[in-house]
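The structure under discussion appears below in the form of structure tokens.
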Number of protein chains: 4
Amino acid sequence: MEKDTSISEAFRAVMAANGNIPPKQQQVLAASLELFAQQGFDNTTTKQIAEKAGVAEGTVYRRYKNKDELLAGVLAPFMTQVLPNLIKEFAQQVVARPYLTRHEMISAIVENRLAFIKENGAMLRVLIREISVRNDLRSQFITHAGPLLQDNLFPVLDRLKANGELVDWPDSRIAQFMIGTMITELVRAVLLPEDVSTAAPVIIEFIEKGLAPK
Amino acid sequence: MEKDTSISEAFRAVMAANGNIPPKQQQVLAASLELFAQQGFDNTTTKQIAEKAGVAEGTVYRRYKNKDELLAGVLAPFMTQVLPNLIKEFAQQVVARPYLTRHEMISAIVENRLAFIKENGAMLRVLIREISVRNDLRSQFITHAGPLLQDNLFPVLDRLKANGELVDWPDSRIAQFMIGTMITELVRAVLLPEDVSTAAPVIIEFIEKGLAPK
Amino acid sequence: MEKDTSISEAFRAVMAANGNIPPKQQQVLAASLELFAQQGFDNTTTKQIAEKAGVAEGTVYRRYKNKDELLAGVLAPFMTQVLPNLIKEFAQQVVARPYLTRHEMISAIVENRLAFIKENGAMLRVLIREISVRNDLRSQFITHAGPLLQDNLFPVLDRLKANGELVDWPDSRIAQFMIGTMITELVRAVLLPEDVSTAAPVIIEFIEKGLAPK
Amino acid sequence: MEKDTSISEAFRAVMAANGNIPPKQQQVLAASLELFAQQGFDNTTTKQIAEKAGVAEGTVYRRYKNKDELLAGVLAPFMTQVLPNLIKEFAQQVVARPYLTRHEMISAIVENRLAFIKENGAMLRVLIREISVRNDLRSQFITHAGPLLQDNLFPVLDRLKANGELVDWPDSRIAQFMIGTMITELVRAVLLPEDVSTAAPVIIEFIEKGLAPK
DNA sequence: GATGAATGAGCCTTCATTCAT
DNA sequence: GATGAATGAAGGCTCATTCAT
């Protein structure tokens with residue numbers, strides 16, 4: 001289950017799916033992601049990208065008109081493909097079970113989403129870093145992620161609340177705690193890179209107890 | 001308790017305490033912090049800083065040899081003064097009570113630390129953003145924050161664990177959940193800036209339940 | 001007498017005569033002329049030329065080694081074919097008449113040369129613009145046009161002068177005034193594009209009177 | 001009366017009048033004009049300008065945000081200062097005389113305007129070259145020069161026409177012939193640079209006869 | 001012959017930094 | 001100490017040109 005940490009499976013899958021992206025441009029995207037994650041967008045030069053991708057600098061600009069569009073090109077597939085698939089996949093696992101318990105739901109989310117988060121850590125780090133400073137990205141993210149949660153996660157939460165399985169807080173708050181707690185694992189990986197303990201069980205327990213009804 | 005979202009009380013206190021920082025340089029620091037938080041370090045020019053500070057560009061360089069030192073100058077007081085004071089203040093509130101409950105501890109942390117986080121949101125955002133990309137800052141942060149937690153928070157956690165008040169997880173994990181959950185409030189403020197609901201009680205309840213022993 | 005403002009009859013005739021120019025290259029030449037006239041040589045990219053010509057960028061380079069040769073390819077037929085034919089044609093109209101009047105000569109020149117100038121305005125504009133900056137083009141032009149005038153126009157002028165029909169100025173000066181006055185019509189067309197008044201009679205009158213003997 | 005052909009008196013006067021243009025920026029303007037005239041705007045690099053002006057490349061951008069504004073900076077004083085002064089100066093010479101002859105008027109125009117044209121040849125060449133390709137410049141020129149002629153030259157022409165001194169053509173046409181004929185001297189200077197004969201008398205005679213009433 | 005992806009030199013421009021006043 | 005004009009290294013980007021298919 002351990003994947004190449006620099007370029008995620010999901011990313012590669014997206015690029016493969018987009019069969020029309022020529023290989024050199026895929027190398028450019030992959031190199032960009034890696035460098036953006038390591039050094040930040042602003043500290044990465046197009047020359048570095050070209051070198052790491054093994055292409056000329058001009059090639060970087062064949063598909064992407066400028067550096068900003070390159071960033072968009074790196075993040076867009078994540079927002080429009082990876083994220084939606086992920087959340088819908090979750091919904092499918094869960095929506096069919098009428099008597100879902102809190103534990104089952106949270107396990108379903110955490111267990112393979114956590115692997116996903118670690119696997120896509122680079123992309124997530126770039127996304128989070130740039131969202132904090134780019135209004136266009138922020139609103140794009142809200143536009144994409146908001147409805148996804150609203151349509152796929154919130155109905156499940158409401159059902160659990162109705163069944164007395166879940167504390168009666170607004171859905172947005174519950175999502176904040178669930179997602180937030182998972183993301184702390186990303187931060188932990190940055191601050192304590194040597195730590196490799198499997199965190200999933202602990203995280204599941206923390207969220208599960210934290211979200212129990214009073 | 002007065003809030004100034006751009007330049008925090010704590011920041012001003014530090015600068016005032018450092019009586020040897022001349023007023024123009026304080027303006028430079030304040031302008032830098034604000035601009036770094038709004039636009040990011042890399043997207044902020046020294047010209048913008050000079051303008052907002054009401055000084056000439058050359059003046060920015062009197063005390064700070066270069067832009068990197070200016071960033072250090074903005075963040076260092078936070079790391080070396082604000083953060084230590086904050087944690088030690090917490091320790092004093094808590095260390096004297098032999099039969100501290102989990103609820104009391106978490107309330108003590110959340111209640112005024114949350115206000116602090118919001119108040120110093122700008123600084124924290126700059127810190128978090130730059131830590132993710134600057135190794136020097138990251139190790140500096142770990143060097144400073146690690147021992148502080150080790151010395152002031154972890155003993156308290158150990159005592160609560162010994163009293164059966166707290167789940168038996170490693171201290172670092174407990175800290176991760178506590179601090180992480182609080183920081184989700186920062187993120188929430190960025191993504192949903194219009195939301196102003198008081199989150200403290202909910203956060204306390206979530207952490208408290210989440211960290212209860214099985 | 002059909003006008004096509006973008007690609008002149010004369011130009012097409014030249015290209016047709018040069019039977020060895022393949023059609024794609026003719027399209028390239030035509031597109032180049034049009035774009036050079038509209039935007040200037042330097043502001044025209046080979047990509048634009050390729051697009052307008054409906055060929056691939058590489059095809060532009062099959063016959064013309066580089067962009068400069070393309071410019072030469074556009075202007076050369078004008079200099080070596082069109083211009084000589086034009087002047088010789090004029091000479092034939094005029095040389096046979098021993099008692100040519102000033103009016104007859106100037107009418108002969110202006111009347112259909114003016115149509116020619118307007119028709120080939122694009123080419124002339126490119127030529128004039130680039131001559132002012134390219135020494136090779138300038139000397140090439142002088143080499144071609146100088147003898148043509150010398151051989152075909154100047155003898156006629158001399159005869160008229162001998163007959164007391166023409167003011168006794170150096171031939172080069174007389175040519176300057178005749179050609180210059182006609183070219184003002186080009187400039188007028190650029191500055192006042194909406195104006196379409198027939199200028200020929202006025203121009204003939206102006207030159208005719210201006211060149212009368214004292 | 002011979003002036004430095006590269007940087008005209010008028011240009012220097014304008015810059016001196018604009019007392020607020022610092023010397024380095026004047027050097028930049030002068031170098032730009034010279035290079036634009038010699039090589040054309042597009043073939044001149046900012047590096048060349050900086051070198052010729054004896055400044056760093058960055059200095060070129062202190063006053064002018066980009067290369068286009070530099071071109072505007074070179075030409076604007078000509079359009080807004082030099083040209084108006086020139087035409088008004090002419091009007092003063094001529095407007096007071098109720099019984100002005102055609103010869104007097106044309107002499108007044110040609111005699112020192114011709115010197116001016118040669119003196120400012122560089123600027124005029126840049127202006128003419130760029131007007132043919134830049135719509136903004138063209139309309140700016142029309143906006144400036146049109147009314148100037150309308151207000152200062154045309155009334156004089158009308159008076160002469162009323163007095164039977166001038167052929168009855170539209171003012172714009174008369175202006176076209178007068179100005180056009182003078183500008184042929186510029187072209188002649190480009191094509192026959194070695195020729196230094198004084199052309200003024202011949203030009204005056206040509207225009208004067210050409211514009212005589214029938 | 002034709003294509004168009006790829007190249008990379010070189011351009012315009014920005015901006016952290018210096019230093020004479 | 002303060003100023004801000006000047007610097008020049010370095011970055012983003014363009015586009016004429018090449019060449020494998």
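In what follows, every chain begins at residue 1, and chains take the letters A, B, ... in the order their sequences are listed. Not measured: the values here are computed from a predicted model. All values below were derived from every heavy atom in this structure, side-chain atoms included, with hydrogens, water molecules and symmetry-related copies excluded.
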Exercise for review: With the side chain of A56(D) defined as its heavy atoms from C-beta on, choose the nearest nucleotide among dT7(E), dA6(E), dT7(F).
Suggested key: dT7(F)

Review point. Which part of the nucleic acid, if any, lies within reach of V55(C) when heavy atoms closer than 4.0 Å are counted: base, sugar-phosphate only, or nothing?
Key: sugar-phosphate

Practice item. Nearest whole angstrom, please: distance from the P of dG4(E) to the CD of E51(C). Key: 11 Å

Check your understanding: Within the side chain of Q25(C), is there an N or O that forms a donor-acceptor pair under 3.5 Å with the backbone of T59(C)?
Key -> yes

Practice item. Return the value, rounded to whole Å, for the distance between atom CG of L35(A) and atom P of dG12(F). Key: 12 Å

**Study point:** Criterion side-chain contact (heavy atoms from CB on, under 4.5 Å) against F141(C), the qualifying member of I131(C), L75(C), I128(C)
**Key:** I131(C)

Review point. Can you tell which of dA2(E), dA2(F), dT7(E) lies closest to the side chain of K24(C)?
Key: dA2(E)

**Study point:** Separation of dT14(F) C1' from R63(A) CZ (nearest whole Å)
**Key:** 19 Å

Check your understanding: How long is the line joining CG of N43(A) and P of dA10(F), in whole Å?
Key -> 15 Å

Exercise for review: For nucleotides 13-21 of chain E, just jot down a letter per nucleotide in 5' to 3' order: B, S or -, based on protein non-hydrogen atoms under 4.0 Å.
Suggested key: BBSBBB---

Study note, to complete from the structure: Here the gap from Q26(A) atom CD to L29(A) atom CG, rounded to the nearest 0.5 Å, amounts to 7.5 Å

**Study point:** V28(A) and its side-chain contact (heavy atoms from CB on, under 4.5 Å) partner, picked from V55(A), L33(A), V74(A)
**Key:** V55(A)

Point to revise | Contiguous pairing runs of three or more, Watson-Crick or G-U under 3.5 Å, that involve DNA chain E | key: E:2-21 with F:2-21

